[in-house]
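Each remark here refers to the structure printed beneath this line.
First listed ligand is number 1; within each ligand, the first listed atom is number 1.
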Amino acid sequence: MEPMLDVSNLSFDYLSASSCLPVIDNISFQAFEGDFISIVGPSGCGKSTLLDIIAGLMPSSAGQVFFLGEPVIKPRKEIGYMLQRDQLFEWRSILRNTLLGPEIQHSSHKDKRKTRKTASEMLTRYDLGGFLGAKPSELSGGMRQRAALIRTLIMEPTLLLLDEPFSALDYQTRLTVCNDICEIIRTNKKTAILVTHDLAEAVSTGNRVLVLGKRPSTIKMELVFDPDFTALSPLARRNHPLFNPYFQKLWEAFAHEK
Ligand code: ADP
Ligand code: MG
């Protein structure tokens with residue numbers, strides 16, 4: 001099977017006039033259709049940088065990213081990127097925030113009507129139907145994250161990149177929003193890469209996890225979860241007997257970093 005995403009010998013250094021900061025050191029991995037890969041690594045190890053390169057926002061220093069066999073050299077519609085902060089605009093209603101992508105793309109009048117309908121339906125399906133005309137500040141953190149995900153999904157990406165999507169939420173909200181977001185990704189049959197510094201979140205989300213080391217980051221370990229385990233929701237995984245052994249494995253890979 002051809003990979004959807006092929007990250008091949010990728011390296012990246014931040015260069016300035018006087019210095020060179022090596023951030024990513026020869027990372028290779030592939031994502032196949034339907035994969036949900038969690039990438040976990042310490043703060044500052046280069047996770048956001050890696051997603052920026054995969055999204056086509058920055059060129060790599062060495063190596064390449066291929067999407068369906070084509071080198072990624074600029075952002076493309078099929079790769080959706082949800083940033084750490086929800087980036088909802090306060091001066092736009094929730095509905096109009098979700099329509100930002102199609103608006104930027106200058107879609108036709110007919111397409112605009114269609115996406116408006118799809119956006120309203122998705123917002124309603126994910127319990128935001130009463131907030132179409134509301135401003136972002138009227139929503140809770142979890143509702144904002146759902147709206148931000150719908151804004152990304154409206155562009156119909158086949159690959160979703162999520163950069164620490166729950167880190168701004170308090171602990172309890174985090175657990176339920178993680179559950180909701182993973183459910184939305186699963187029902188919409190998306191391939192996803194989720195970056196986090198939270199080991200428990202990595203165990204409760206992906207079908208496999210890549211552990212990155214300290215900067216300049218390399219892949220320290222790959223952990224593939226049992227299919228019976230990945231069939232469960234993030235919340236249900238936390239009560240499964242495999243949760244702690246998986247957590248422990250990631251923890252050990254982290255501990256070797258010190
Ligand atoms: P993470 O997302 O894993 O926390 P980042 O990818 O944001 O890490 O950053 C990796 C490293 O690169 C950090 O040390 C950070 O300070 C540095 N860095 C990030 N952005 C820039 C930039 N624009 N210029 C120079 N250094 C940067
Ligand atoms: Mg980051």
> With hydrogens left out, which residues have an atom under 4.0 Å from ligand 1, given that only heavy atoms count?
Replying inline: Tyr14, Leu21, Val23, Pro42, Ser43, Gly44, Cys45, Gly46, Lys47, Ser48, Thr49, Arg215
>> For the residue pair Thr191 / Asp35, report whether a side-chain donor-acceptor contact shorter than 3.5 Å exists.
In response: no
> Any chance the side chains of Asp170 and Thr173 put a donor and an acceptor closer than 3.5 Å?
Replying inline: yes
>> Looking only at the side chains, is there a donor atom on one of Tyr14 and Thr49 sitting less than 3.5 Å from an acceptor on the other?
In response: yes
> What pair of heavy atoms forms the shortest contact from Met82 to Pro165, and how long is it?
Replying inline: CE-CB, 4.1 Å
> Can a donor-acceptor pair be found between the side chains of Thr118 and Thr115 at a distance below 3.5 Å?
Replying inline: no
> How about Glu90 and Ser137: does a side-chain donor come under 3.5 Å of a side-chain acceptor?
Replying inline: yes
>> Other residues, nucleotides and ligands only: do more than 12 of their heavy atoms fall within 6.0 Å of CZ on Arg186?
In response: yes
> Do Ser8 and Ser28 have side-chain atoms, one donor and one acceptor, less than 3.5 Å apart?
Replying inline: no
> Counting no waters, what protein N/O/S atoms lie under 2.8 Å from the Mg ion (ligand 2)?
Replying inline: Ser48 OG
> How are the rings of Phe225 and Phe229 set relative to one another: parallel (under 30°), tilted (30 to 60°) or perpendicular (over 60°)?
Replying inline: perpendicular
